Amino acid sequence: MALRTWAAKKPLGLALGGARPLAAARGVATFTLPDLPYDFGALEPAVSGEIMRLHHQKHHATYVANYNKALEQLDAAVSKGDASAVVHLQSAIKFNGGGHVNHSIFWKNLKPISEGGGEPPHGKLGWAIDEDFGSIEKLIKKMNAEGAALQGSGWVWLALDKEAKKLSVETTPNQDPLVTKGSNLYPLLGIDVWEHAYYLQYKNVRPDYLTNIWKVVNWKYAGEEYEKVLA
Amino acid sequence: MLLPMRGLPAAPPRPLAHPHTAPAPPPSLLGPRRRRPSQRLSKVVSYYGLTTPPYKTDALEPYMSRRAVELHWGKHQQDYVDGLNKQLAISPLYGHTLEDLIKEAYNNGNPLPEYNDAAEVWNHHFFWESMQPEGGGSPEAGVLQQIEKDFGSFFNFREEFMRSALSLLGSGWVWLVLKRSERKLEVVHTRNAINPLAFGDIPIISLDLWEHAYYLDYKDDRRTYVSNFLDHLVSWHTVTLRMMRAEAFVNLGEPTIPVA
């Protein structure tokens, strides 16, 4: 019962910015698919419009729908005091909730070239990258290498350790969000290396996708997040 | 499957000690450790080659397009073959059969670097042979009886295969396996490259659930892909042969009644 009270008072994920507690009477927050901040075709030729449309309208939308479904089931299981159902739901919550969290960050990590996508970071983040990796080129090389070597589906991250104030490159399998690697880690930039993120355009050549994605990376967003977290 | 590869440069010398401090393999699995002095002295080196699906690349259309098969077989599987051969050139596991290599490199769940490519080469070869043009539908005779015995009905088996395939979160495979000790068929899914041989199970059917297996033809619709596999592609003929072979290792009997 305690969990239910907590869920009712603090709709899960309000801090993520995507939650709208529509079903307030039941105490379950409902997540919605965020709009893309640009057109599907705006990242071409780095990422095709067809990939962006499917990725946003099908994949991300499915994670949101299944996340809401799992949270509703969780609420029902908690109400009934069904402990084993609560435990059983954890993997669906982690996968679909992670898918929602990760993709919500991913869309903000990208930007059309005409609007400044691919422009290297300035300011404090630029300095921090030089200090922790040597140069932006070295960071990109490292993220590309770790992204290409990741077996199966997953994500490669530029992470900020909030306490140590250090940057690092991390990978997570499947839809595990970065926070599963440590509660101090904050995602500045995540690159989706699931095959659905690149297959229609790059086929089996994941390294080419990784090379080209940097042309549309929104470093301004990453820099703002960096300063916000350390402020 | 151990095929000589033409035009490969001579392998660099292999170190004697394993770089990953593998525990000694169970003697039953590998027999006494062979030193193979003759192979090192001679210039003949064998590597794995890309095996060919037992049908033309467009033979599975419209359920699996020629384009998808060509990429999947000619690029993905080829990459795994190349990756494996690159590893074997410097690996003490050189010379094992692929099955033994997969079992040993699985290393009780802490896979050695050779594992991923070796398992993927095996999985893909097995996958192509799990299908045939105008396949699908329902098995007959002994295989059907065994499925009905272990799942209750063929319908239940189909439901279980769909459920397992759709509940795999991420990349991997769904399998029909024969469990050795339980002596029954079971549907399991595995992550990424993991192959049920490592658990002592005998694989009977494999279906690739990596997005590269279905994305060109089905996009995000894994459900239709799996259902078309069951209805139009799975080779119950191959399954029958695999079950017959498996029966040499597992007694499925009721006494005196051969199952397949």
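Computation of the quantities below employed the complete heavy-atom set of this structure, encompassing side-chain atoms and omitting hydrogens, waters and symmetry-equivalent molecules. Reminder, nothing fancy here: chain letters follow the sequence lines and each chain counts from 1. As the structure is a computational prediction, the values presented were derived from the model and not from experiment.
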About how many Å separate NZ of A:K94 and CG of B:L169, when rounded to the nearest 0.5 Å?
10.0 Å

Residue A:K58 excluded, over 12 heavy atoms near NZ under 6.0 Å:
no

Please classify the contact of B:N116 with chain A as side chain, backbone, both or neither, using a heavy-atom distance under 4.5 Å.
side chain

Begin from the C-alpha positions of B:H76 and A:E195 and carry the test side chain to side chain contact (heavy atoms under 4.5 Å, CB included) through to its verdict.
CA-CA 12 Å; B:H76 290 273; A:E195 286 170 325; 3.8 Å; yes

Give the C-alpha distance, both sets of side-chain angles, the deciding distance and a yes or no for side chain to side chain contact (heavy atoms under 4.5 Å, CB included) between A:N174 and B:R191.
CA-CA 10 Å; A:N174 301 317; B:R191 279 188 189 280; 2.5 Å; yes

Are B:Y215 and A:H59 an aromatic pair, judged by ring center distance below 6.0 Å?
yes

Contacts of residues 138-153 of chain A with chain B (heavy atom under 4.5 Å)
A:Q151, A:G152, A:S153

Please determine whether side chain to side chain contact (heavy atoms under 4.5 Å, CB included) holds for the pair A:Y199 and B:H212, giving the CA-CA distance in whole Å, both sets of side-chain angles, and the decisive distance to 0.1 Å.
CA-CA 7 Å; A:Y199 205 78; B:H212 68 234; 3.3 Å; yes

Examine whether an atom of B:K219 lies under 4.5 Å from a heavy atom of chain A, and if so say whether it belongs to the side chain, the backbone or both; otherwise answer neither.
side chain

Residue part contacting chain A, namely of B:D221, when any heavy atom lies under 4.5 Å
neither

With a sphere of 6.0 Å drawn around NZ of A:K181, does it hold more than 12 non-hydrogen atoms of other residues, nucleotides or ligands?
yes

Rounded to the nearest 0.5 Å, how far does CZ of B:R222 lie from OG1 of A:T62?
12.0 Å

So, the part of A:Q57 with a heavy atom under 4.5 Å from chain B: the answer is neither

